[in-house]
Amino acid sequence: MFLEEKPDYIIGDLHLGGDCGLFAKEYSRDFDSVEEYEAAIIANWNQVVTNDESIIFFLGDIGNKQGIETIIAQLRGRKFLILGNHDNF
């Protein structure tokens, strides 16, 4: 697919759905649970991306199937995924 428009935002490595050991002790990101982390992602994302016309490129490692199915739909914008090494759903 070719887009004639430039992306408004570019992001990667969200690791939604708690994949990749994100909450192992040595990789803690100051959240007590996967649910707390994902709620913060949704709230912060929708505060910045204020409409569904914004174009967002995900540069891989977005998360596991469960994370994608339950969370991505809650995020505003037109989203395009470039697969990463953890995106094996």
Side-chain angles (χ1 to χ4, degrees):
M1 177 170 69
F2 178 76
L3 289 175
E4 294 185 13
E5 304 171 58
K6 294 181 181 178
D8 296 298
Y9 303 96
I10 300 173
I11 192 167
D13 294 291
L14 290 178
H15 295 283
L16 302 173
D19 73 333
C20 306
L22 178 65
F23 289 93
K25 184 177 181 179
E26 65 270 22
Y27 299 114
S28 174
R29 295 188 180 178
D30 299 324
F31 295 98
D32 292 328
S33 68
V34 171
E35 294 79 17
E36 183 182 341
Y37 167 73
E38 292 171 346
I41 292 289
I42 294 165
N44 292 336
W45 179 287
N46 289 331
Q47 185 175 15
V48 172
V49 180
T50 58
N51 65 67
D52 286 326
E53 298 305 313
S54 296
I55 297 173
I56 296 93
F57 283 3
F58 284 103
L59 302 182
D61 296 348
I62 189 170
N64 62 28
K65 184 177 180 181
Q66 177 186 353
I68 291 170
E69 288 176 346
T70 59
I71 296 166
I72 294 302
Q74 298 178 61
L75 303 177
R76 293 182 183 133
R78 294 172 47 206
K79 299 164 281 279
F80 298 88
L81 173 62
I82 299 167
L83 295 176
N85 62 320
H86 292 128
D87 297 321
N88 54 6
F89 41 87

For Ile41 and Leu75, which heavy atoms make the closest approach, and how far apart are they?
O-CD2, 4.4 Å
Report, one line per pair, each donor and acceptor closer than 3.5 Å where one atom sits in a side chain of residues 52-59; sequence neighbours left out.
residue, atom, partner, partner atom, Å
Asp52, OD1, Gly77, N, 3.3
Ser54, OG, Asn51, OD1, 3.3

Any sub-3.5 Å donor-acceptor pair from Asp61's side-chain atoms to Gly12's backbone N or O?
no
Donor-acceptor contact below 3.5 Å, side chain Glu38 vs main chain Gly17
yes
Can you name the closest pair of heavy atoms from Leu14 and Tyr37 and give their distance?
O-OH, 2.6 Å
To the nearest 0.5 Å, tell me how far Arg76 CZ sits from Tyr9 OH.
10.5 Å
Once you round to the nearest 0.5 Å, how far does CG of Leu16 lie from NZ of Lys65?
15.5 Å
